[in-house]
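Comments concern the structure below.
Counting starts at 1 for both ligands and their atoms, following the listed order. In this chain, residues are counted from 1 in sequence order.
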Amino acid sequence: MHLARLTLVLAAATALAHSADAPAPIPGAAPPALIPGLAFIDSNYENASPLWHEPATDGSVLVHLLYDHERASTNRAAGHIRFTIHGTPGARLTLEFVNLQNVYNGRAASVAPSMRTLSVSDDGRAWRVVPITHPAPGRARATVELTGPLLHVARIEPYGLPELAAFLAELRASPLTEITVIGKTVQGRDLEIVRLGDPAAPRRVFLRARAHPWEPGGNWVLQGLARRLLRGDADAKKFLARTCVWFLPMANKDGVAAGRTRFNALGKDLNRDWNAPADPALAPENAALERWLEGMIAAGRKPDLALELHNDGNGQLHVTRAPSPHLERHLARMAIFEKLLRRHTWFTEGATGPAFRNTGTLGEGWLLRFGIDAVVHEFNTNVITVAGEKVAPLGRHWEAYGESLATVFFDYFGETAP
Ligand SMILES: [Zn+2]
């Protein structure tokens with residue numbers, strides 16, 4: 001009797017809740033206030049960062065970035081920032097980014113100190129940079145102004161799948177290029193490798209960009225490099241007579257599309273585990289690249305040099321001291337490469353020190369397993385020194401870097417034997 005009565009009461013309560021279609025009120029809780037000038041934050045598009053937001057008591061907007069998690073690991077990463085603010089023209093909004101407590105290589109570490117600039121744009125095409133401040137350790141804030149009804153916000157000037165598609169279309173129009181689909185991402189997107197130049201050229205260089213989705217710098221670099229090599233002038237002909245260039249422009253397309261920070265769609269870090277064959281089920285992006293590399297080696301076309309392009313807050317060349325029988329040769333060559341980067345580009349950050357190991361990265365893995373002079377090249381997202389001036393980098397700065405890389409490769413292969 002008692003149970004039946006309880007069931008009736010519960011059924012009535014459920015019906016009432018459903019008919020009102022309302023969640024249960026929380027006694028004593030007030031809803032968050034509206035933030036003056038802010039109508040909406042749009043993060044519902046390709047490459048936008050998954051997030052939610054709420055007002056802080058001081059009127060700023062707390063932007064909660066969602067962590068990107070690594071599979072079977074405690075590692076997690078936030079730091080990709082891309083969304084669009086809808087609001088009142090003239091409004092000034094202070095954004096504070098929350099959830100910057102990353103876990104990197106198994107250690108808890110805040111990404112806040114390495115975030116020193118934020119890029120904004122009124123139209124999504126022309127970008128400018130505003131400073132990020134750190135009112136306390138682990139906190140990252142920036143004040144932005146809406147000059148119109150929309151403001152695009154990004155960690156650094158974005159480069160997404162539409163930009164890549166346009167670039168590949170441009171490359172396809174040249175008789176000097178060949179684009180090969182070497183496999184597919186976890187979610188079925190094509191993985192393209194571009195060959196630029198004569199495959200029978202005496203020297204070969206390979207570059208890969210965008211293993212980590214938040215880091216678009218490498219895409220801008222490749223765009224600058226390719227356009228320089230396709231210019232058709234005497235220098236371009238000279239470069240291509242010595243060197244053929246191959247590159248995989250966007251390794252982690254799924255992560256870029258989903259606006260994630262670091263891992264692929266199954267939680268694998270595509271710049272880890274290169275010390276062993278890639279798992280084709282969990283990291284098909286790496287397995288496809290490895291099959292391509294093995295084919296190149298079998299055809300007598302092993303790359304002489306491989307660059308793995310990344311962004312971080314330091315911008316160094318990551319020269320590993322791995323136990324390779326080729327280590328001495330490798331260090332000598334990387335010293336030449338660093339010297340040429342300093343000579344021909346705006347690179348000033350230098351290489352990592354004598355105790356540095358880069359375990360699991362493409363740089364170290366290709367050196368240890370294939371004897372290739374491979375190295376991770378980070379590009380500083382915050383500040384670079386161009387002609388003695390400190391500036392916050394935008395896409396065009398990285399494109400200029402890529403242009404200059406053509407000269408670096410020419411001289412590098414002039415100074416190093418095959
Ligand atoms: Zn990276």
Evaluation steps, ring-ring contact (aromatic ring centres under 6.0 Å, His included), between His397 and Phe379
CA-CA 11 Å; His397 296 107; Phe379 289 92; over 10 Å; no

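Residue Asp312: no N/O/S atom is found under 2.8 Å from the Zn ion (ligand 1).
Under a 4.0 Å N-O distance rule, the pair Arg357/Glu364 qualifies as a salt bridge. A salt bridge links Asp122 and Arg128; the closest N-O separation between the charged side-chain nitrogens and carboxylate oxygens is under 4.0 Å.
Between the side chains of Asn219 and Arg210, at least one donor N or O lies within less than 3.5 Å of an accepting N or O.
With respect to the Zn ion (ligand 1), His212 has ND1 as its nearest N, O or S atom.
Of the angles at the Zn ion (ligand 1), the one spanning ND1 of His310 and OE1 of Glu215 is 80° when given to 10°.
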